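None of the values given here were measured: they were computed from a predicted structure. By convention in this document, chain letters (A, B, ...) are assigned in the order of the sequence lines, proteins followed by strands, and residues within each chain are numbered from 1.
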Protein chains: 2
Amino acid sequence: MENKEMQIIDDIMNRMIQKELQPGEKLPSENKLADKYRVPRITVRNALLKLEDRGHIYSVQGKGRYLKEESIQVQLPLTGSTSFTEKMESMGYDYCTKNIDFTLVPYNSKIYSHLQASESDIVYRIGRIRYINKEPIAIHYSYVKEVTFPTIQKDGPNINSMFAYYRKHGINEFTSKQTLLSVTFPTLEEQKLLACKSMVPLMVVETDSVDKETDILLEYTKIIYRSDRFKYDITIND
Amino acid sequence: MENKEMQIIDDIMNRMIQKELQPGEKLPSENKLADKYRVPRITVRNALLKLEDRGHIYSVQGKGRYLKEESIQVQLPLTGSTSFTEKMESMGYDYCTKNIDFTLVPYNSKIYSHLQASESDIVYRIGRIRYINKEPIAIHYSYVKEVTFPTIQKDGPNINSMFAYYRKHGINEFTSKQTLLSVTFPTLEEQKLLACKSMVPLMVVETDSVDKETDILLEYTKIIYRSDRFKYDITIND
DNA sequence: ACACAGCAACTTGGCAACAAGTTACGATAG
DNA sequence: CTATCGTAACTTGTTGCCAAGTTGCTGTGT
């Protein structure tokens, strides 16, 4: 029989789902598991390293391996036109956000075409990290043309909520033309920002935001979520 | 500086995105890369093994490592009430589907509660695999109560399209109460069915299907997509 | 000139021995 | 009795060496 490693991963994952293994619990040592599954130690070790990369367990040299403490899984409405902050607050989460950058974006065909911007347009990126229970759970980038909001350079660094900023400019209802969703793995930088391991999948949601009244394109948005922190609600309703 | 391994992964991934590395191309050997990045061979090796697990490269002992051939990425509308088959055909893909199982489902609190079924109800699972260009891209499970369609046991094994089956029963318009989306890794069985490596993330879409006219619950659906084959369109429109 | 065997130099794959860190416990000294 | 130190037995982490597979060149015989 091939692929003992994957069988071990399946077995341990099942035990975690069935609650046979509890959060915080210590796993048997590599040697004990190797005896149990009748495989070389290295096979068990590789399986455990993968589980660690996925963020399910952690190890302490000389002590052993432990299941991570269970962390929240948030049911997040991906659709709908209310702001992220409002969604979170209406669900009663300990939620906060932190601005991480406000920079001029060098010309980039993908972003510029999304914004329907010409090469001579000036585009800024507003980046922030969203936290639930003090844990980072998403990176949120807003790309805005200077033409659309001429005072953006001055306002930018102090914007806490783009929605609030738009309301201040008399825009109250938003819609979007297209929302795309894909799955990636974190770069080294994203791992640092989101405090996650290299094999935690990220969900990337890209959309445009349009003033419902005037149909003017406001921004191009890219949100990068830790996929292990959410069950996404994509119900279409109302 | 820590985490050389991740820096190597980032670098190779960037080169792939920038098309500096072409599909099918042979990568430098572990030793050459170790020299280039000034790290021990084992570090390069671990980075390459992760890229292999993610499905980006493959290796041949004695020969070397190669970039996988580029495969299609389909833009898939996740929302909307047309059937999967219709979506695919309207987009002109070489699409087909294969029934893989029709079985009685032993009592399971999660599935039964989704179906609003009591413990004495009989529930069947219809499983099929969906292919694009002969490549498996999704596993589709439909859970149906016998009460809803009394002849399901007889019909089941020959059902090619659930939507067609419902239409035969006079149901023409469908809707759903809630659609949830999450990300997981494949079990060993799912790896075999979807012909993918252990670290290819899967997108799981769970929904109920309701007859729009009578509001009767028809089925509970669970679709498991290979996340590397799609960009999902979750635009809410019309 | 050509065919072929054999060898050398490369590739990736696997593993065993060793290193490093933690804990538990018992001997020993005060 | 108590405190402390040392050691042995465990844990996970690292690495260097050799096995296995492929390629290509070179020498040899025809």
Side-chain angles (χ1 to χ4, degrees), chain A residues 1-9 11-13 15-16 21-69 188 191 196-200, chain B residues 1-9 11-13 15-16 21-69 188 191 196-200:
Chain A
M1 176 64 80
E2 257 317 297
N3 218 340
K4 295 280 186 186
E5 183 183 310
M6 208 49 212
Q7 289 177 34
I8 295 170
I9 293 180
D11 185 54
I12 295 177
M13 285 299 290
R15 281 158 180 266
M16 287 169 70
L21 295 170
Q22 298 285 340
E25 191 173 334
K26 185 175 185 300
L27 283 170
S29 75
E30 294 177 0
N31 283 316
K32 292 223 182 81
L33 289 171
D35 284 350
K36 173 179 168 185
Y37 293 112
R38 312 276 188 85
V39 294
R41 182 192 149 202
I42 202 76
T43 306
V44 169
R45 184 176 173 75
N46 286 334
L48 294 172
L49 288 176
K50 279 190 184 168
L51 286 172
E52 186 172 343
D53 282 333
R54 289 184 186 180
H56 292 122
I57 62 178
Y58 65 95
S59 68
V60 184
Q61 185 177 162
K63 294 185 74 174
R65 292 198 149 83
Y66 302 85
L67 268 69
K68 281 213 181 148
E69 293 302 325
L188 195 50
Q191 285 173 47
C196 67
K197 306 288 295 189
S198 63
M199 288 300 187
V200 173
Chain B
M1 177 62 81
E2 257 317 298
N3 219 342
K4 295 281 186 187
E5 181 184 311
M6 207 52 215
Q7 289 177 34
I8 296 170
I9 293 180
D11 185 55
I12 295 177
M13 285 299 290
R15 282 158 179 265
M16 287 170 71
L21 295 170
Q22 299 284 337
E25 189 173 335
K26 185 175 185 300
L27 283 170
S29 74
E30 294 178 359
N31 284 318
K32 293 225 182 77
L33 288 172
D35 284 350
K36 172 177 170 187
Y37 293 112
R38 312 274 190 85
V39 293
R41 181 191 150 205
I42 202 74
T43 305
V44 170
R45 184 176 172 74
N46 286 334
L48 294 172
L49 288 176
K50 278 190 186 168
L51 286 171
E52 185 172 345
D53 282 332
R54 288 184 187 180
H56 293 122
I57 62 178
Y58 65 95
S59 68
V60 183
Q61 187 178 158
K63 295 185 75 175
R65 292 197 149 84
Y66 301 84
L67 268 68
K68 281 214 178 147
E69 292 303 325
L188 194 50
Q191 285 174 46
C196 68
K197 306 288 296 188
S198 63
M199 289 298 187
V200 173

(Q) Within the structure provided, determine whether Thr43(B) and Tyr37(B) are in side-chain contact (heavy-atom separation under 4.5 Å). (A) no
Legend entry - Student check: side-chain heavy atoms of Leu51(A) and Arg65(A) closer than 4.5 Å: no
Per the under-4.0 Å heavy-atom filter, residues of residues 42-58 of chain B near DNA chain D come out as none
Query - Check: Lys36(B) and Pro28(B) side chains under 4.5 Å, non-hydrogen atoms - result: no
So do Ile8(B) and Leu33(B) actually touch side chain to side chain, heavy atoms under 4.5 Å? no
Exercise for review: Kindly indicate, with the supporting measurements, whether the criterion side chain to side chain contact (heavy atoms under 4.5 Å, CB included) is fulfilled by Lys63(A) and Lys26(A).
Suggested key: CA-CA 9 Å; Lys63(A) 294 185 74 174; Lys26(A) 185 175 185 300; 5.5 Å; no
- Are side-chain heavy atoms of His56(B) and Leu21(B) found at a separation under 4.5 Å? no
Between Val200(A) and Arg54(A) the two heavy atoms that sit nearest each other are CG2-O, 3.7 Å
Looking only at heavy atoms, the pair that brings Gly24(B) and Glu69(B) closest together is CA-OE2, 3.3 Å
All heavy atoms of Lys197(B) vs all of Gly55(B), minimum pair found to be CG-CA, 4.2 Å
Students should find that the nucleotides of DNA chain C closing off the region near chain B, any atom under 4.0 angstrom from a heavy atom, are dT11(C) to dG13(C)
Q) Can you find a pair of side-chain heavy atoms, one from Leu188(A) and one from Gln191(A), that are under 4.5 Å apart? A) yes
Here the gap from Leu27(A) atom CG to Arg15(A) atom CZ, rounded to the nearest 0.5 Å, amounts to 10.0 Å
Give me the distances for all protein-to-nucleotides 5-7 of chain D N/O pairs that come in under 3.5 Å?
none

Gln61(A) CD to dT12(D) P, in whole Å, measures 10 Å
Check whether any side-chain nitrogen or oxygen of Ser59(A) sits under 4.0 Å from OP1 or OP2 of dG13(D), and answer yes or no.
yes
For this session: Measure the shortest side-chain to side-chain distance between Lys50(A) and Ser198(B) over non-hydrogen atoms and say whether it is less than 4.5 angstrom.
Result: yes
(message) Check this one for me: any side-chain N or O of Lys63(A) less than 4.0 Å away from OP1 or OP2 of dT12(D)?
(response) no
Across all chains, not counting sequence neighbours, the side chain to side chain contact (heavy atoms under 4.5 Å, CB included) partners of Asn46(B) are Glu5(B), Ile42(B), Leu49(B)
Distance col, row Tyr66(A):OH vs Ile57(A):CD1, nearest 0.5 angstrom, shows 12.0 Å
The correct set of residues in residues 32-40 of chain B placing a heavy atom under 4.0 Å from DNA chain D is none
Check whether any side-chain heavy atom of Gln22(A) lies under 4.5 Å from a side-chain heavy atom of Leu67(A), and answer yes or no. no
Computed from five pairs at either end and rounded to 10 degrees, the angle between the axes of the helix from dA1(C)-dT30(D) to dG30(C)-dC1(D) is 40°
Atom CZ of Arg41(B) and atom C1' of dC17(D) are separated, to the nearest Å, by 10 Å
